[in-house]
Amino acid sequence: MQTTQKVSLFIDKGREGTYFDLPFEVPDNVSRIDVRYSYLRYSEKVSASKVEMEEVNIIDLALSDCDGEFIGASGSNRNHIWINEYSSSLGYAETVIKPGRWNVIVGAYKIMDGGVTVEYEFTFTHKERILLKGDLHTHTLGSDGILSVDELTEAARKSGLQFLFITDHNNYFHNNIIKSREDITVMPGVEWTHFKGHVNMLGIKKAYDGPYYTNTLEETREKIDAARKKGAIISINHPFCPSCGFKWGLENFEYDCIEIWNGPMKKAELDCIAWWHGELCKGRRIPAVGGSDFHRYEPGRGIGMPATCIYAMSRAPSDIYAAIRQGCGYITYEPNGPGVYAECDGKLLGETVDYGPDKNIIFQFTRLRGGDVVKIFTDKSNEEIQCTSNTEKFIWEKKIEKVLFYRAEVYRPYVDGLPAVPVLISNPVYIRSRAGGEAHGR
């Protein structure tokens with residue numbers, strides 16, 4: 001949704017050669033600001049032999065935010081600029097848009113006799129929940145991948161992803177050159193890599209200071225805790241992998257999410273999913289994510305395979321980080337794989353509903369195939385629904401019970417005679433009992 005404000009400003013001749021502020025109000029929950037302005041810049045000048053266009057007014061444009069921070073300037077050469085958190089106009093900073101009184105910095109470079117009226121138009125794009133598909137775990141030439149940052153970004157865009165984290169091993173220097181595009185948000189990351197385990201540190205350019213290595217449990221805890229205090233999202237990667245699992249002990253660390261699905265579905269993933277479900281049943285709340293761990297194209301492994309799909313308030317990095325931390329989404333085996341939307345009393349995946357006997361929980365699945373099996377899990381039960389034919393939409397709905405959570409999986413048979421494997425895993429919708437209170441976290 002968009003709203004627009006219009007402001008007329010008269011500048012008299014006496015203000016020529018000065019700068020001054022034109023305030024405008026930015027409402028709450030805005031993801032983008034577009035600023036347009038127009039005025040009489042040229043006027044006809046008639047002489048005995050010809051008609052010429054004379055430049056009679058020149059008005060420069062610049063911008064500062066509600067904290068007085070300078071955002072950027074474009075002089076008088078552009079009559080339209082925009083600001084957002086991941087892809088602003090050239091000459092303007094990528095900026096978290098805060099509500100409050102912003103200012104156009106008006107540069108009255110040249111004003112004609114009698115003054116000039118300038119028309120300003122401010123368009124605000126308001127945040128609203130959208131589905132975004134991305135990859136949280138990729139590598140480039142900066143460590144042991146085969147693609148450059150730009151090549152990886154373009155390949156992710158062509159794969160149908162809307163966001164991407166680049167997580168080279170123990171190396172964050174690529175974060176200085178990543179760049180979002182109009183249709184994909186690219187964000188900083190690093191995969192802290194040790195003989196005893198791998199950890200993604202997402203969302204900040206420099207997750208830790210000094211060398212990456214540690215030699216003791218205490219040093220490792222300090223390294224991970226320091227990154228978390230800096231604001232990094234901490235994800236424990238492929239913890240049950242037989243060759244590079246997390247041997248430090250998951251119980252020894254505070255983390256924000258767990259990578260339950262790394263590349264092709266394997267026994268290690270099934271073991272991790274079983275462990276995660278067991279922890280949920282104990283009352284823990286651990287957001288689940290997936291990542292391709294892309295280095296090069298291999299059978300069953302490509303960018304966005306699997307894809308982590310989130311319901312975020314915008315494509316701004318801060319909104320993507322918030323959705324990942326809360327677990328507002330699901331994991332699917334590829335960007336065009338099956339999808340799911342769940343809601344109960346206005347709360348979505350990753351959110352908490354207060355128990356009420358008259359409340360319904362709804363799961364809506366998309367892009368299912370004949371032979372798929374939909375599974376709905378709680379801490380007390382497991383219900384299975386067999387899909388007999390391809391369907392673009394399937395809805396499961398029932399009254400909520402006094403359970404800790406509801407979550408979903410979709411299983412698909414690929415080879416006759418072999419067991420079906422998960423092609424979708426959702427985060428839970430949590431249920432809070434008024435008597436029992438909220439389940440404890442990590």
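Since the model is a prediction, treat every value here as computed from it, not as a measurement.
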Do side-chain atoms of N175 reach the backbone of G189 as a donor and acceptor pair under 3.5 angstrom?
-> yes
For S426 and W276, which heavy atoms make the closest approach, and how far apart are they?
-> O-CH2, 3.4 Å
Which one of L202, D256, I233, I204 satisfies the side-chain contact (heavy atoms from CB on, under 4.5 Å) criterion with Y321?
-> I233
Mark yes when over 12 heavy atoms from residues, nucleotides or ligands other than Y213 sit less than 6.0 Å from its OH; otherwise mark no.
-> no
Describe, in one word, how the ring planes of H80 and W82 are oriented to each other, choosing from parallel (under 30°), tilted (30 to 60°) and perpendicular (over 60°).
-> tilted
Are E392 and R367 side-chain neighbours, meaning at least one heavy-atom pair lies under 4.5 Å?
-> yes
Does atom NZ of K399 have more than 12 heavy-atom neighbours, drawn from other residues, nucleotides or ligands, at distances under 6.0 Å?
-> yes
Salt bridge or not for K229 and E254, using N-O below 4.0 Å?
-> no
Donor-acceptor pair, S88 side chain versus A93 backbone, under 3.5 Å?
-> yes
Any side-chain heavy-atom pair of Y37 and V35 under 4.5 Å = no
In plain terms, say whether K282 and E251 are close enough for a salt bridge, that is, a side-chain N and a carboxylate O under 4.0 Å apart.
-> no
Shortest non-hydrogen contact from T153 to L164?
-> CA-CD2, 4.0 Å
Test log, rule side-chain contact (heavy atoms from CB on, under 4.5 Å), inputs K375 and N382 = CA-CA 7 Å; K375 297 185 180 184; N382 170 17; 3.8 Å; yes
Heavy-atom check, side chain of C344 versus side chain of I400, under 4.5 Å = yes
Plane angle bin for F122 and F24 - parallel if under 30°, tilted between 30 and 60°, otherwise perpendicular | parallel
Roughly how far apart are F163 CZ and I324 CD1, rounded to 0.5 Å?
-> 5.0 Å
K359, NZ atom: more than 12 neighbouring heavy atoms under 6.0 Å | yes
How far apart are the C-alpha atoms of F405 and Y430, what are their side-chain angles, what is the distance that settles it, and do they pass the ring pair (Phe, Tyr, Trp, His ring centres under 6.0 Å) test?
-> CA-CA 4 Å; F405 61 86; Y430 297 100; 7.0 Å; no
Are the side chains of E401 and Y406 in touch, meaning some heavy atoms are under 4.5 Å apart?
-> yes
S235 side chain to M201 backbone, donor-acceptor under 3.5 Å = no
Less than 6.0 Å separating the ring centroids of F253 and F246?
-> yes
Straight-line distance of L217 CG to K196 NZ, nearest 0.5 Å | 8.5 Å
When rounded to the nearest 0.5 Å, the distance separating OG1 of T125 from CG of N84 is 8.5 Å
Does any donor atom in the side chain of R301 or H295 lie under 3.5 Å from an acceptor atom in the other side chain?
-> no
Check the pair L63, Y92 against side-chain contact (heavy atoms from CB on, under 4.5 Å), reporting the backbone distance first and the verdict last.
-> CA-CA 8 Å; L63 204 62; Y92 289 82; 4.0 Å; yes
Contact check, side chains of V190 and Y212, non-hydrogen atoms, under 4.5 Å = no
Counting N and O atoms only, with roles assigned by atom type, does the side chain of K230 sit under 3.5 Å from a partner on the main chain of K206, one being a donor and the other an acceptor?
-> yes
Between K98 and D65, is the closest basic N to carboxylate O distance under 4.0 Å?
-> no
Any side-chain heavy atom of L132 sitting closer than 4.5 Å to one from R315?
-> yes
CA sep, side-chain torsions, deciding dist, call: N237, E191, side-chain hydrogen bond (donor to acceptor under 3.5 Å, both in side chains) | CA-CA 9 Å; N237 287 347; E191 185 177 21; 3.1 Å; yes
Please report the shortest heavy-atom distance between G302 and S292, naming the atom on each side.
-> O-CB, 3.2 Å
Considering non-hydrogen atoms only, spot the tightest contact between N427 and A288 and give its length.
-> OD1-N, 2.8 Å
Go through N171 and S143 one step at a time and tell me if the side-chain hydrogen bond (donor to acceptor under 3.5 Å, both in side chains) criterion holds.
-> CA-CA 7 Å; N171 180 355; S143 55; over 6 Å; no
Does CD1 belonging to I395 count more than 12 external heavy atoms closer than 6.0 Å?
-> yes
Determine yes or no for a side-chain-to-main-chain donor-acceptor pair under 3.5 angstrom, with W192 supplying the side chain and I224 the backbone.
-> no
Give the C-alpha distance, both sets of side-chain angles, the deciding distance and a yes or no for side-chain contact (heavy atoms from CB on, under 4.5 Å) between M265 and L270.
-> CA-CA 7 Å; M265 182 61 63; L270 297 174; 4.0 Å; yes
Pairwise distance CZ(R157) to OG(S180) - rounded to 0.5 angstrom = 13.5 Å
Is H174 reaching over with its side chain to a backbone N or O of V149, donor-acceptor style, under 3.5 angstrom?
-> no
Is a side-chain N or O of Q386 found less than 3.5 angstrom from the main chain of G371, in a donor-acceptor match?
-> yes
Short question: side chain of S148, backbone of T140 - any donor-acceptor pair under 3.5 Å?
-> no
Any donor-acceptor N or O pair under 3.5 Å, side chains T352, R285 | yes
Could you tell me whether K393 atom NZ has more than 12 heavy atoms of other residues or ligands within 6.0 Å of it?
-> no
Atom NE2 in H198, atom SG in C241: separation rounded to 0.5 Å?
-> 8.0 Å
Short side-chain to backbone donor-acceptor contact, D379 and C281, under 3.5 Å | no
Report yes if the side chains of I184 and Q162 come closer than 4.5 Å at any heavy-atom pair, otherwise no.
-> no
Locate the shortest heavy-atom distance separating R369 from C387; write the atom from each residue and the value.
-> O-CB, 3.5 Å
Could you give me the CA-CA distance, side-chain angles and deciding distance for W396 and I376, then say whether side-chain contact (heavy atoms from CB on, under 4.5 Å) is met?
-> CA-CA 9 Å; W396 179 93; I376 306 294; 3.7 Å; yes
Would you check, one step at a time, whether the test salt bridge (charged side-chain N to carboxylate O under 4.0 Å, His left out) holds for E343 with R129?
-> CA-CA 13 Å; E343 183 175 354; R129 189 84 67 173; over 6 Å; no
Can you name the closest pair of heavy atoms from G291 and P306 and give their distance?
-> O-CD, 3.5 Å
Distance in Å, I97 CD1 paired with S318 OG, rounded so as to fall on 0.5 Å steps = 9.5 Å
In N29, D319, D28, the residue satisfying side chain to side chain donor-acceptor pair (under 3.5 Å) with K127 is D319
Any side-chain heavy atom of E269 within less than 4.5 Å of one from N262?
-> yes
Is H194 reaching over with its side chain to a backbone N or O of T214, donor-acceptor style, under 3.5 angstrom?
-> yes
Parallel, tilted or perpendicular for F365 and F363, by the 30°/60° rule?
-> parallel
